[in-house]
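Please read all numbers here as calculations on a predicted model, not as lab measurements.
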Amino acid sequence: MGKSRSGRRRQAGEQTVVEQVDGGLAELIPDRERSRAWTLEIDGAPQSHVDLDDPAYLSFEYQRRLGHVIDLAAPPGRPLHAVHLGGGALTLARYVAATRPRSTQQVVERDAALVRLVRRELPLDPNARIRVRSTDAREGLAKVPDGWADLVVTDVFGGARTPAHLTSTEFLDCVRRVLKPGGVHAANLADGPPLTHLRGQIATAAARFAELALVADPAVLRGKRFGNAVLVACDHPLPVAELTRRAASDPHPGRVEHGRALTDFAGGALPVTDLAAVASPAPPPSAFR
């Protein structure tokens, strides 16, 4: 385990760790129900949950949905080459390492101070093949070799908003370059009524990938509240039936849209380009209550 700022060696779960990072005020809050589990918040917005004793446990509903995509990206247990744009507490990289041993992973997290905090307080398994780069997501992606990745996960938020340059067709061109044939891209998106950003992201992905599926809380899809949605994109048929079954079985059941229903949901939105891209909308103050 790491040390607190007083220098005393501590056990996970004893105290909240508060530290200024590049993106704001970070707090690692112990989970009272799981002895070595923590929630990462930045400026009061929940970012990640990690259980050091059970890294295959995913608490946040959007992370569970991304976990389903990871599980279905290849036969069970097969190692993956994975790129994670956005690191947070490295929850999903830990998940891949736990469920697919011998996977090789690259994490791109711009907030170098956050990376240092997480590495110190929530250390990675030394046997995990995880490399972390502290740079901009698109710049980090540019350093990944062509056709290297089985999976790219985009989960980048700055001030609770996805940066504009990670929402465009040009960005997805960068994603496609690093994916192997048959590779999968999964993006964590956030939006609320009238869902303009989400519809635009569906249109943008549809302009670059042949197959899409969207997983979200039904209330989010109906425009009743702000929330997360996971958009999955690839060039081969997706395991929609199994993804639907898993999402529906979650503690907070999700709905999967694909095919014509997803096209209809996009409502004629146009693909987003670098010139027109804007950051995702800021969540309302009530979103994290």
Side-chain angles (χ1 to χ4, degrees), residues 22-24 42 45 62 66 83-88 106-112 133-149 151-180 183-216 220-221 223 226-235 257-258 262-284 287:
D22 300 338
I42 298 180
Y62 87 86
L66 287 169
V83 177
H84 303 266
L85 303 179
Q106 300 187 46
V107 179
V108 183
E109 171 55 62
R110 183 171 188 168
D111 194 328
R133 288 193 178 110
S134 295
T135 188
D136 173 78
R138 202 151 147 179
E139 293 175 4
L141 190 62
K143 296 179 180 178
V144 178
D146 292 2
W148 182 85
L151 174 71
V152 175
V153 177
T154 301
D155 184 14
V156 181
F157 288 85
R161 304 177 71 184
T162 301
H165 69 299
L166 304 182
T167 67
S168 66
T169 51
E170 290 89 343
F171 166 66
L172 290 184
D173 287 337
C174 299
V175 172
R176 285 188 62 91
R177 180 189 63 79
V178 308
L179 283 173
K180 296 177 182 179
V184 176
H185 178 227
N188 177 33
L189 309 173
D191 200 7
L195 300 177
T196 302
H197 173 70
L198 182 58
R199 298 182 204 279
Q201 288 304 285
I202 294 166
T204 303
R208 292 297 184 265
F209 291 93
E211 298 287 336
L212 305 180
L214 184 72
V215 192
V220 173
L221 295 177
F226 192 97
N228 295 86
V230 170
L231 182 60
V232 189
C234 63
D235 284 332
E257 296 286 6
H258 70 289
L262 186 57
T263 301
D264 291 345
F265 178 83
L270 297 175
V272 176
T273 65
D274 276 347
L275 287 176
V278 296
S280 66

Heavy atoms of other groups near [X] [atom1], more than 12 under 6.0 Å:
X      : atom1 : answer
Lys180 : NZ    : yes
His258 : NE2   : no
Arg133 : CZ    : yes

[X] to [Y] - nearest heavy-atom pair and separation:
X      : Y      : answer
Ala190 : Ser280 : O-CB, 4.0 Å
Phe226 : Pro281 : CZ-O, 3.8 Å
Val107 : Gly87  : CG1-CA, 3.7 Å
Ala229 : Ala216 : CB-CB, 3.7 Å
Val272 : Thr204 : N-OG1, 2.9 Å
Gly86  : Val156 : N-CG2, 3.6 Å

If you look only at pairs with a residue in residues 183-195, which of them pass as a side-chain hydrogen bond (donor to acceptor under 3.5 Å, both in side chains), with sequence neighbours excluded? Thr154-His185, Asp155-Asn188, Asn188-Asn228

Does anything in residues 193-203 form a side-chain hydrogen bond (donor to acceptor under 3.5 Å, both in side chains)? List the pairs, not counting sequence neighbours. none

Measuring from [X]:[atom1] to [Y]:[atom2], what's the distance to the nearest 0.5 Å?
X      : Y      : atom1 : atom2 : answer
Leu141 : Phe171 : CG    : CZ    : 6.0 Å
Leu189 : Tyr62  : CG    : OH    : 12.0 Å
Thr135 : Arg110 : OG1   : CZ    : 7.5 Å

Is any side-chain heavy atom of [X] less than 4.5 Å from a side-chain heavy atom of [Y]?
X      : Y      : answer
Leu166 : Leu85  : no
Asp235 : Leu179 : no
Glu257 : Ile202 : no

Is a donor on one side and an acceptor on the other found under 3.5 Å between the side chain of [X] and the backbone of [Y]?
X      : Y      : answer
Arg176 : Arg208 : yes
Thr169 : Thr273 : no
Arg177 : Val144 : yes

